[in-house]
Every structure is written in C-alpha cells, then in structure tokens.
There are 2 protein chains.
Amino acid sequence: MVEITTQVGAAAQPRAPLSRQRVLTTAVTLADAGGAEALSMRRIAQALGVVPMALYKHVANKNELLDGMIDVLVGEIDPPADDTDWKTTIRRRVLSARRMLLRHPWAPEVIESRMKARTTPTPVVLEYLDSMIGIFRAGGFSIELVHHAMHVMGSRLLGFSQELFEDSSDREPDADTIAPEEMAARYPHLTELAMAVAHDQESVVGSGCDDQSEFEFALDLTLDGLERLRGAI
Amino acid sequence: MVEITTQVGAAAQPRAPLSRQRVLTTAVTLADAGGAEALSMRRIAQALGVVPMALYKHVANKNELLDGMIDVLVGEIDPPADDTDWKTTIRRRVLSARRMLLRHPWAPEVIESRMKARTTPTPVVLEYLDSMIGIFRAGGFSIELVHHAMHVMGSRLLGFSQELFEDSSDREPDADTIAPEEMAARYPHLTELAMAVAHDQESVVGSGCDDQSEFEFALDLTLDGLERLRGAI
DNA sequence: ACCTGAACACCGTTCAAGT
DNA sequence: ACCTGAACACCGTTCAAGT
C-alpha cells in the first residue's frame with residue numbers, strides 16, 4: 001500500500017525527482033496559502049510526499065531555505081526596460097516588485113528576519129541591487145547621491161515600506177472592540193482622518209483607502225525629491 | 001528544597017508578585033539580549049522564576065504578549081514638544097522613535113509580524129498615531145495631505161524603514177565568501193558604491209556607512225517634499 | 001476556587017542504525 | 001554509500017488532577 005507510488009516505474013523513482021527548485025517553489029506555494037507561520041520543514045516535506053530529512057539534501061537548513069525563497073521572489077520582478085529614462089525605469093521596476101509582494105504577503109516579514117541575520121545577501125539579491133544602482137548611474141546620478149537614494153528607497157526597492165496596518169479583512173478576531181463614539185472621543189485626529197478617507201471614496205466598496213495609489217504617491221514624492229537633487233550633490 | 005523561595009514570608013508570596021508589567025519588561029529585556037527568536041513563553045517564565053502557565057494569567061497568549069511589548073516600546077518614545085513648528089516636532093519624535101529602535105533591534109520584525117495579524121492596533125499605538133496626525137493638522141496640513149503623509153512616513157513613524165541590510169558585525173558566519181575581484185566583476189555598480197562610501201569616510205573606524213545620517217537624509221527628503229505640498233493639496 | 005504538572009501536538013535538526 | 005526512523009531538545013497551549 002505504501003509502495004504504490006514508487007513500484008510502478010522500472011527505476012522505482014518518485015514521480016518527479018526532488019530538486020532544490022521544486023523544494024523552493026513548493027515552500028513559496030505553501031506560504032502563499034498559509035502565511036509564514038505555516039512554513040515548516042515537516043509541512044513542506046509532506047506537501048512533496050517526502051520524509052522531512054530529504055529536504056536537507058537540497059537546502060542546508062531552514063534559514064537557507066528562506067533565502068532561497070526570497071531569491072524565487074526576486075526572480076519574479078520584471079527586468080528593467082532599457083528604452084526610457086531612469087525615473088520611469090525605476091518606477092516600473094519598484095511597482096513590479098510591489099505586485100510581486102502582493103502575491104506573497106508573507107514576504108516582508110521573512111525578508112525582514114533574514115536581512116537581520118545574513119552576512120551577505122544572496123547573489124540573486126546582489127544582482128538585483130547592482131542593477132538598480134546601474135539604472136541610477138546611467139541616469140546621471142553621482143555615486144554619492146546613488147548611495148543616498150538606495151537608503152531613501154530602502155525597503156521600497158523590494159516592493160514594500162510596510163503599510164503600518166493591513167486592510168481590515170482576514171484578521172484575527174478582535175477582543176476589545178470599541179464603541180465608535182468612544183473611538184472619536186479618544187482619538188479625534190485619527191477619527192477625522194478615517195472619516196475623510198471614507199467620504200473621499202464613498203463610491204468604492206473596499207476599505208476606503210487605496211493602498212496602491214498611496215504607495216505611488218510616496219514613491220513619486222521620493223523620486224521627485226531625488227530628481228531635484230540630481231546634479232546638485 | 002523546592003519550597004525555599006516561598007516558605008519564608010508570612011504570606012508565602014514570591015518576592016516580587018507577578019504582574020503584566022513585569023512580564024512585559026522581562027520579555028523586552030530577554031529579546032534585547034537574545035533577539036526575537038530567544039522569546040519563548042517558557043524562557044520568560046524561567047527568567048521570572050515561575051512556571052510557564054503562570055504567564056497566562058497576565059497575557060492571554062503569546063501574540064497578546066508581543067502586542068504588550070510593542071506598547072512598552074511606544075511608551076519609550078519621547079512625547080511631542082509643543083513649543084515649535086510641525087516639522088521640528090515630527091522630526092524630533094521620529095528620531096526619538098529611531099533611538100528607541102536601536103535599543104531594541106528585534107522590534108521591526110515583531111512589529112511587522114503583529115501588524116499583519118491584529119484587527120486594530122492597541123490603544124497605545126492608536127494614541128501615538130493620533131498624536132502624530134494632530135501635529136500635522138496643527139501645522140496647517142489638509143486632512144487629505146495628512147493621509148498621504150502618514151502613508152509616506154510609513155514605518156518611519158515607528159523609527160524604521162528597514163535598512164535593507166544590517167551592519168556587518170554580529171552576523172551568521174558566511175558560507176560562500178566571494179573573492180573581491182570576482183565581486184567587482186559580477187556587481188560593478190555595487191562595488192563602485194561600496195568603494196565610494198568607504199573612501200568617503202576613511203577617517204571613521206566603523207562600517208563605512210553612517211546609518212544615522214542616511215536615515216536623516218531620507219527623513220528630511222520626505223519632510224521637505226511634504227512641506228512643498230502643504231497648502232497645495 | 002485556585003494552581004500547575006503532565007500531556008498534546010507541534011517544531012528544526014542530529015545521528016545511529018538500517019539497507 | 002546512501003537513506004531515514006527514531007530521538008533530542010525545544011515550542012505554545014490545553015486540561016485534568018491535585019491542593
């Protein structure tokens with residue numbers, strides 16, 4: 001009964017042989033479905049129909065697996081266009097990174113935790129950063145200003161500077177829900193802002209705040225600020 | 001033997017009675033020393049000389065404990081000055097938040113993970129955000145622009161927009177160290193930048209990149225950009 | 001009524017015993 | 001030589017048994 005899957009072929013190999021790539025993409029799929037907390041060596045192995053120890057032939061340990069997953073994500077970011085100005089190229093690429101991130105909401109947390117620990121980013125990430133720097137340089141930025149620019153862009157380079165709070169659906173149940181009138185009394189400014197935003201978009205069904213255009217607003221404010229400094233620093 | 005610590009006093013109570021505050025500050029101290037991964041209910045209990053289950057009288061579960069720890073950190077941010085303009089007030093407060101964060105390097109990861117999950121931020125965080133919004137409003141910002149501003153500031157409000165990579169000391173050992181000449185060949189732009197930064201600060205002993213001034217550069221670029229829009233939006 | 005030890009259902013990773 | 005089951009040292013949390 002247990003042997004059913006392997007006894008058919010002459011070579012007696014599992015249907016699709018395990019590979020680093022297959023381990024990584026399975027892990028990404030698992031995280032997409034269940035979040036970062038659903039990622040365990042044991043569960044990945046189970047999803048692949050394999051004993052947990054089999055994974056250790058393809059990744060040294062869990063941290064290396066997480067690094068590999070980040071590489072998979074960076075690979076999903078569109079390559080730079082080479083037929084337009086620096087600003088458009090950077091803008092498109094960052095927005096592509098953001099789209100990637102929306103497909104993998106667990107990524108910021110994992111990237112955050114891994115960037116704290118690693119000695120050097122993986123070659124894939126280095127290549128990506130190098131390419132970004134190259135775009136600024138080709139656009140006429142001094143190396144000093146490029147350095148500032150990379151810091152200013154910060155995590156936006158990888159598609160996020162985290163929204164302080166995710167949208168309201170899909171949350172843990174809230175223990176201490178507060179009455180709206182008490183909310184308004186205690187946090188008057190927050191309430192004013194929430195009402196203004198809601199009123200602004202009364203036609204839209206959603207959360208009352210368009211994260212995408214807010215992201216673009218921040219991105220453009222930053223890019224415009226950098227452009228103003230180009231040549232001056 | 002086991003009874004030694006409790007049999008002395010008449011009331012037979014542990015030396016310092018457990019309290020939510022003591023649980024939280026102990027957890028913060030533990031994380032400061034060992035990072036986010038060192039934070040376990042069992043270890044916190046051990047540090048308090050208590051059985052793990054005793055913690056559950058003061059926090060509902062680990063997530064609520066993490067939220068409580070974030071509240072402790074927000075409490076460390078200096079209150080706003082009220083004798084100066086909006087820009088100085090925001091700037092000082094954000095820099096105070098950043099100093100808090102430098103004392104607690106595990107915080108961004110924890111904040112990131114908790115903000116993904118919670119329904120509503122804790123009252124302490126809400127109060128902090130409300131106060132920030134109030135400063136912008138008092139500075140003559142329209143509610144629409146304040147909304148944009150809060151998004152633009154993003155995680156910088158809590159003292160971080162994460163440095164993509166931490167400084168080089170205190171890292172995991174690096175498996176695949178690369179030869180400098182191969183580094184230069186593969187990542188020319190990255191190398192140019194690294195060299196320029198190193199040369200820039202040859203007098204300084206440290207990592208060759210002043211994170212503090214880079215943070216301030218990004219902060220000021222953002223604040224200046226917002227000021228330019230004040231009144232226009 | 002209160003407290004808590006043991007237990008449950010998990011982890012990542014090691015390692016020796018099996019083929 | 002290769003593979004892997006069992007084991008180790010952990011988790012967060014439940015719950016019944018003890019006082």
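Chain naming here is simple, since letters A, B, ... match the order of the sequence lines and numbering starts at 1 in each. Because only heavy atoms are used, hydrogens play no part in the values below, and waters and symmetry mates are left out as well, while side chains stay in. Here the structure is a predicted model, which means the values were calculated and not measured.
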Heavy atoms from C-beta onward define the side chain here; which of [options] lies closest to that of [X]?
X: B:M53; options: D:dT14, D:dT4, D:dG12; answer: D:dT14
X: B:V51; options: C:dG12, D:dG12, C:dT4; answer: C:dT4
X: A:S40; options: C:dG5, D:dT13, C:dC11; answer: C:dC11

Reckon [X] touches a base, only the sugar-phosphate, or nothing at all at heavy-atom distances under 4.0 Å?
X: A:L55; answer: nothing
X: B:L39; answer: sugar-phosphate
X: A:M41; answer: sugar-phosphate

Problem set entry | For D:dA16, the Watson-Crick or wobble partner whose two distances fall under 3.5 Å |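 Matched D:dA16 with C:dT4 under the 3.5 Å cut-off.
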
Exercise. What is the pairing partner of D:dC11, taking Watson-Crick or G-U wobble pairs with both distances under 3.5 Å in any strand?
Worked result: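 The answer is none; no pair meets the criterion.
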
Problem set entry | Length of the line joining A:Y56:OH and D:dA6:P, which is rounded to integer Å |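 Going from OH in A:Y56 over to P in D:dA6 covers 18 Å.
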
For this session: Indicate the atoms forming the closest heavy-atom contact of B:V59 with B:E64, along with that distance.
Result: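 In terms of heavy atoms, the two residues are closest at CA-OE1, 3.5 Å.
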
Exercise. How about B:W106 and B:M69: do any of their side-chain heavy atoms sit closer than 4.5 Å?
Worked result: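 In short, these two side chains touch, coming nearer than 4.5 Å.
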
For this session: Verify the contact: side-chain N or O of B:K57 to OP1 or OP2 of C:dC3, cut-off strictly under 4.0 Å; return yes or no.
Result: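 For C:dC3, OP1 or OP2 has a side-chain N or O of B:K57 closer than 4.0 Å.
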
Problem set entry | Any A:R43 side-chain nitrogen or oxygen under 4.0 Å from OP1 or OP2 of C:dC11 |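 For C:dC11, OP1 or OP2 has a side-chain N or O of A:R43 closer than 4.0 Å.
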
Problem set entry | Flag, side chain of A:K62 to backbone of A:L39, donor-acceptor distance under 3.5 Å |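 Indeed, once roles are kept as given, a pair shorter than 3.5 Å links the two residues.
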
For this session: May I ask you to check whether B:D71 and B:T122 show a side-chain donor-acceptor distance below 3.5 Å?
Result: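 Looking only at side-chain atoms, B:T122 and B:D71 do form a donor-acceptor pair, the distance falling under 3.5 Å.
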
